[in-house]
Each structure stands twice: as structure tokens, then as C-alpha cells.
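Structure record follows, encoded as C-alpha cells.
Values below: all heavy atoms of this structure, side chains included; hydrogens, waters and symmetry mates excluded.
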Amino acid sequence: MLKLLHRYILKEIFVATSLAIALFVFVLLVGNAMKDIVALVAAGKLEFIVFAKLLGLLLPYVAVWALPLGVLTGTLLSLGRLSSQREITAIKCAGLSVYHVAASVFLIAFIGMILGIVVNLQYGPQSRKAYKQLLIDAVRANPISFIEEKRFIDEFPGYVIYMGSQKGRQMEDFWIWELDERQRVQLFLRAAEGSIDFRDAENSLVLTLKNGTAERRDPDDPEAFSNEPPQSLFFDELPIALPLDEVFGERSKRRVKTKELSFVELMAVREAALAREREEGTGLSAERLKVQMHLQKNFAMAFSVFSLAIFGVPLAIQVGRKETSANLAIALVIVMTYYFLMIVVSWLEDSIVLRPDLLIWLPNIIFQMLGFYLLRRANRH
């Protein structure tokens with residue numbers, strides 16, 4: 001009887017969880033695609049095969065967020081339906097506790113947690129790195145097509161470009177902002193008209209601006225306008241070459257962000273920072289804290305699948321709603337609360353004294369404590 005019960009509950013939860021994860025993966029995938037690449041495809045800037053590859057590379061990234069939400073929603077849907085139809089009450093009357101019902105949820109949540117760890121620390125960073133590189137390669141292959149009218153172009157690192165209108169290679173109302181390392185404007189150009197060409201031999205984009213002004217700002221403090229006004233220059237024609245190797249960087253020279261590092265690479269960076277601390281005789285450095293914060297955040301995000309499942313079991317039994325919309329709304333509120341607590345802790349990532357790399361586990365601890373308390377309470381009634 002017990003095996004039959006476990007198989008029945010496991011099937012219910014597995015189907016609901018799978019459908020919920022698929023739904024949230026689709027929603028998040030569409031959201032990220034709309035933000036980054038759909039506009040480029042619609043304007044004919046990307047080939048369909050490149051678009052499909054970019055979507056595939058986005059899957060591990062969105063799966064990280066879809067797993068906790070999907071498992072929680074599946075738990076609320078399946079157990080909520082069982083509770084509303086008094087099947088949970090019948091299980092208790094048969095002498096079985098709520099923990100027998102929760103066992104199937106914990107099994108699926110544990111599998112989801114393991115998948116989350118693997119994706120967060122291995123496939124997620126790899127896909128993120130490949131996604132950025134593929135998008136850069138697409139821009140490199142046909143950079144002229146990416147200067148789209150009436151849109152702020154920020155695909156070129158260090159530059160923001162805007163163009164009012166375009167007819168072929170001729171442009172009108174052209175703006176360009178050159179940024180420093182801190183993303184502050186150090187040079188501003190505006191031209192009434194201009195043209196754009198791509199020199200394949202030099203792998204550079206050449207913008208020829210006509211009838212415009214150039215504004216050079218103080219390189220030490222480009223945002224200070226009170227001391228002396230920026231230097232302005234009027235010009236009839238000004239060619240600007242943007243070498244793509246310099247703008248995008250070669251593949252071997254491209255700076256890899258912390259989010260794009262795998263677990264092994266993060267541990268190597270951490271060990272290097274730890275070795276420097278020992279040589280200098282200092283304590284925890286900002287560099288090591290950043291790496292440890294990222295590592296612990298990835299583990300905590302994966303573990304949230306289990307934490308939210310623990311919290312969702314007694315909630316589904318006590319609320320006992322079988323409506324999909326109601327359970328979906330409850331799941332969204334719970335997950336948003338969890339992510340809000342994660343964000344609050346992330347605000348402290350520059351404070352070494354408070355050890356945010358350890359505090360990042362606080363949301364999991366809170367939800368697990370509440371979950372086990374509610375589970376114990378639900379078992380008594």
C-alpha cells in the first residue's frame with residue numbers, strides 16, 4: 001500500500017512540476033529573447049540558425065530560475081488538489097503521516113537541487129560565455145547592420161550610438177558617446193549627417209560624420225561641469241574608425257566575467273587570491289569575497305529548490321486549493337519574497353565584515369525553518 005501511495009503521489013507531483021518548469025522556462029526564455037535578440041531577428045540582423053543557437057544557449061541560464069519556481073508550483077498544484085479532494089485526510093485516516101506525502105516532494109526537490117548545482121556551476125557559466133561570444137561574432141560578421149535607426153546601440157563595449165534615420169549607408173542625426181572604464185561619457189559627438197562603411201581588411205567600422213560638433217570632457221572627472229565647460233569643436237567632416245578587434249577584443253583576450261567562470265575556474269581564482277593574502281599577511285580580500293559570494297550564491301540558489309519545496313508542502317495541504325491560477329499566484333509571491341531576501345543580502349556584498357558570502361544562506365534557513373514548523377503543525381491536525 002505504501003509503495004502504491006508513493007508512486008501515485010510521485011506521479012502527480014512529477015507531472016505538475018514538469019509542466020510548471022516547462023511553462024516558466026518558456027516565459028523566461030521569451031523574456032530574455034525579447035530583451036536581447038528578437039528585435040535583431042525581426043529587423044533582419046540575425047540569421048535564424050544563429051537565433052536558434054542563442055535560444056539554446058539561454059536555456060541553462062533560465063533553467064536556474066525556473067527550477068525553484070517550477071517545483072514549488074508543481075507542489076502547490078498537486079498537493080493542493082489532493083487536499084481539496086480530501087485525499088490527504090484519507091491518507092491520515094489510514095494511519096500515515098504527512099511526512100509520507102512529503103517524501104515524494106523531497107525526492108523530486110533533491111533531484112532538482114542536484115540539477116541546479118550542476119547547471120549553476122558548470123553548464124550555466126559555459127552557456128553564458130558562449131552566448132556572449134556568439135552574439136559578438138554575429139556583430140563582427142556584419143557590423144553595419146547593427147547600427148539600427150532610432151535605437152540606442154550599446155552592443156559595442158565602450159560606446160553608445162544613436163542614429164535618427166538611415167538610407168543605405170547614409171545617416172542623419174547621428175550621436176555617439178565614448179565611455180571610460182567607469183561608464184562615464186568622456187567624448188560626445190553629434191552630426192547632422194554621415195555615412196558608414198566596413199573595412200574588411202582592417203576589420204574596422206568607419207563612421208564619416210559631417211557638419212557636427214565634438215565635446216571633450218575632463219578625463220579625470222567627466223561629470224564635473226561647474227569648474228569649466230567641456231571643450232567643444234565644430235567640424236565639417238570627421239572620420240572615426242572603430243577597430244572591431246579593439247572594440248570586442250579577440251577571443252583569447254576577451255575579459256571573462258565572474259559569472260562566466262565554472263566551479264573549477266572560480267576555485268582557481270579563489271586559491272590565487274588566498275595565496276596573495278598569505279604573502280601580504282592580510283585577511284579576507286575584496287577579490288576573494290567576490291568569488292566566494294558568487295560561489296555561495298550559486299549553491300544557495302540551487303538549494304532553494306529544496307527549501308521552497310519544504311515550505312510548499314504544508315502550505316498546499318493547509319490552503320487546499322486546486323485552482324491553477326490561485327496556486328500560481330501563491331508560488332509567485334513566495335518566490336518573489338525569497339528573491340527579495342537574496343537581493344537584500346546581495347546589497348552587502350562589498351562589506352567584508354558582515355560576511356555576505358555566509359549571509360546569502362539566510363533566506364534558505366528562514367524558509368526551511370518555517371517549512372518544517374508548518375509541516376510539523378500540519379501533521380498534528
Side-chain angles (χ1 to χ4, degrees), residues 34-46 50 131-251 253-257:
M34 289 289 290
K35 181 181 68 174
D36 291 336
I37 54 180
V38 166
L40 298 175
V41 176
K45 314 297 183 182
L46 285 179
V50 178
Y131 175 85
K132 295 289 184 181
Q133 191 60 55
L134 182 59
L135 195 57
I136 286 173
D137 289 343
V139 177
R140 187 194 300 272
N142 190 13
I144 295 176
S145 66
F146 280 80
I147 307 297
E148 185 181 347
E149 61 183 31
K150 292 183 172 47
R151 186 172 78 89
F152 288 94
I153 312 297
D154 58 0
E155 283 87 2
F156 300 90
Y159 295 90
V160 177
I161 302 170
Y162 176 85
M163 179 181 57
S165 62
Q166 179 182 12
K167 294 181 179 180
R169 297 180 184 272
Q170 298 301 315
M171 306 174 297
E172 295 180 357
D173 193 18
F174 189 87
W175 305 49
I176 181 170
W177 294 265
E178 182 180 340
L179 311 178
D180 61 11
E181 295 180 353
R182 298 172 59 183
Q183 301 300 303
R184 299 177 301 180
V185 178
Q186 60 182 8
L187 176 64
F188 169 64
L189 300 167
R190 184 176 183 183
E193 55 182 325
S195 61
I196 181 171
D197 291 288
F198 177 62
R199 295 177 183 173
D200 186 60
E202 301 173 7
N203 194 29
S204 64
L205 193 66
V206 179
L207 308 174
T208 303
L209 309 182
K210 299 177 182 180
N211 304 324
T213 58
E215 181 182 287
R216 171 70 67 179
R217 301 183 181 179
D218 184 358
D220 297 326
D221 193 2
E223 297 178 349
F225 298 96
S226 58
N227 297 333
E228 65 179 88
Q231 301 175 2
S232 297
L233 174 68
F234 295 91
F235 58 85
D236 292 327
E237 185 172 299
L238 177 65
I240 297 181
L242 301 176
L244 296 185
D245 287 340
E246 180 181 328
V247 174
F248 295 117
E250 296 289 349
R251 290 191 181 188
K253 297 180 181 179
R254 180 176 177 266
R255 184 181 177 183
V256 180
K257 298 181 180 179

Beyond-backbone contact of V185 with L179, side-chain heavy atoms, under 4.5 angstrom: yes
Counterpart residues, side chain to side chain donor-acceptor pair (under 3.5 Å), relative to E193 (two or more places apart): N211
Partners meeting side chain to side chain contact (heavy atoms under 4.5 Å, CB included) with E237 (sequence neighbours left out): T208, K210
Spacing of OH belonging to Y162 relative to CD1 belonging to I176, to within rounding of 0.5 Å: 15.0 Å
Non-hydrogen atoms of R190 and W175 that approach each other most closely: CZ-CZ2, 3.0 Å
Closest non-hydrogen atom pair between F174 and L209, with its separation: CD2-CD2, 3.3 Å
